[in-house]
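One structure is given here, and the rest of the page talks about it.
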Protein chains: 2
Amino acid sequence: MSSLTILNQAPHRSAALLVHLARHMRVRSEAAVAPLGLKARHLIALTVLRDQRGSTQAALATTLGVDRTNLVGLLNELECQKLIERRRSSEDRRRHTVELTDTGAELLAKAEFALAAAEDEVLAALDREQREALYGLLQLATAETPASCVAAEASPA
Amino acid sequence: MSSLTILNQAPHRSAALLVHLARHMRVRSEAAVAPLGLKARHLIALTVLRDQRGSTQAALATTLGVDRTNLVGLLNELECQKLIERRRSSEDRRRHTVELTDTGAELLAKAEFALAAAEDEVLAALDREQREALYGLLQLATAETPASCVAAEASPA
DNA sequence: TAAATCGTTTGTAGTTAGCAAACGATTACT
DNA sequence: AGTAATCGTTTGCTAACTACAAACGATTTA
């Protein structure tokens, strides 16, 4: 255990690289999906909703990391385009359950096809295998809070 | 080759996940490095500069994806803290060559240690190997434009 | 009945970033 | 030589995003 010398070596930290790369990706992505009437946050919300169907708005807010008051507007925009549906929860009628509609799923698929150019540009240095590996890691990392956990958080025993 | 059916399957697109994860990372990171007087953009700039020593400001601007007029203020803030140095290029005295100072390198190292908590939180679902793999992929992807290329872009033959 | 929760509305404030125009210094073109 | 272009810089404007707080009706819980 080199308890002292290890302090002189900088660890491998992904934070800056991740944010840096994501910035480029966000710019390119927004240009790619703009014709579909979507911005990055819509894309993220739809993507999260595809994995976490039936989340409550409070749960969605914590997952997305946005204020619940700001989430309202975001969901309104998506609901106007029939991409999502709000239903009252049968268990607790105060809550809204958010569901991805078929149109929403279709548009999300379209959007993902449209992202090809953006990803080719930003991930140019990665080959197909590496991109798949990156996708897997991202999928894993972002799935750290599955729907059940978030729902459990929102409604603690 | 299922040329038709493939159109019905959404490809694996990392864009949304990447931006989503980076959003969380940015929030946690800023909280972590705030005591050092740094924000995410400073962190990114310093990180890029560590790899691309001696870039001109124009090259840095394109690498960072920010306007050159806005880069001036960012570099001013870093220079005030003696983290970087601007020198006139000997080849073209219009240009400023940006260098990471020793203090800058030290502070960057400190900052990266401070990011431990942030990464532990955001990348909780990844083990050590996976985090290292992610770091490698990010390093590879962000290095798509090495200093020479950027410099070449800035001063085409 | 009283208190707490969920989604919602409204308003405020701060940060961020892009963009355009102009300038001095310097270099490149012809 | 003279003209045009480039680099960094300053200034000012603008739009977008987000956090945050306060309050409300509907509903659930104590």
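The basis for the numbers below is simple: all heavy atoms, side chains too, and nothing from hydrogens, waters or symmetry mates. Letters go in sequence order (proteins before strands), and every chain restarts at 1.
In this structure, Leu74(B) places its CG atom 15 Å from C1' of dT9(D), rounding to the nearest Å. For Gln57(B) and dT10(D), the CD to P distance is 10 Å, given to the nearest whole Å. Remark: C1' of dC19(C) and CG of Leu71(B) are 16 Å apart, rounded to the nearest angstrom. In this structure, Glu79(A) places its CD atom 13 Å from P of dG7(C), rounding to the nearest Å. When rounded to the nearest whole Å, the span between NE2 of His42(A) and C1' of dA16(D) equals 13 Å. Atom P of nucleotide dT10(D) and atom CG of Leu75(B) are separated by 11 Å, given to the nearest angstrom. One atom, CD1 of Ile84(A), and another, C1' of dG7(C), lie 13 Å apart when rounded to the nearest Å. Separating the CZ atom of Arg95(A) from the P atom of dA4(C) is a distance of 17 Å, rounded to the nearest angstrom.
By the 4.0 Å N-to-carboxylate-O rule, Glu30(A) lies too far from Arg41(A) to be salt-bridged with it. The residues Asp120(B) and Arg28(B) are annotated as not salt-bridged, no charged nitrogen and carboxylate oxygen being separated by less than 4.0 angstrom. Salt-bridge formation is detected for the pair Glu99(A)/Arg53(A): a Lys NZ or Arg NE/NH1/NH2 atom is positioned less than 4.0 Å from an Asp or Glu carboxylate oxygen.
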Protein heavy-atom contacts under 4.0 Å, written 5' to 3' over nucleotides 23-30 of chain C as B (base), S (sugar-phosphate only) or - (none), form the string --BBS---
In 5'-to-3' order, the base (B), backbone-only (S) or no-contact (-) status of each nucleotide in nucleotides 18-23 of chain D, using a 4.0 angstrom heavy-atom cut-off, is SBBBB-
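Leu36(B) approaches Lys110(B) most closely through the heavy-atom pair CD1-C, 4.2 Å.
In this structure, His24(A) contributes its side chain and Thr142(B) its backbone to no donor-acceptor pair below 3.5 Å.
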Could you pull out all donor-acceptor pairs under 3.5 Å where a side-chain atom in residues 77-85 of chain B meets a protein atom, sequence neighbours excluded?
from     : atom 1 : to       : atom 2 : distance (Å)
Glu77(B) : OE1    : His42(B) : NE2    : 2.5
Glu79(B) : OE1    : Arg86(B) : NE     : 3.0
Glu79(B) : OE1    : Arg86(B) : NH2    : 3.3
Glu79(B) : OE2    : Arg86(B) : N      : 3.2
Glu85(B) : OE1    : Arg87(B) : NE     : 3.3
Glu85(B) : OE1    : Arg87(B) : NH2    : 3.3

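The side chain of Lys39(A) places no N or O atom within less than 4.0 Å of a non-bridging phosphate oxygen (OP1 or OP2) of dA16(D).
Across Arg131(A), Glu132(A), Gln139(A), a single residue satisfies side-chain hydrogen bond (donor to acceptor under 3.5 Å, both in side chains) together with Tyr135(A), and that is Gln139(A).
Atom CG of Asp127(B) sits in a crowded spot, with more than 12 heavy atoms from other residues, nucleotides or ligands closer than 6.0 Å.
Side-chain atoms of Leu49(B) and Leu60(B), non-hydrogen and from C-beta on, do get closer than 4.5 Å to each other.
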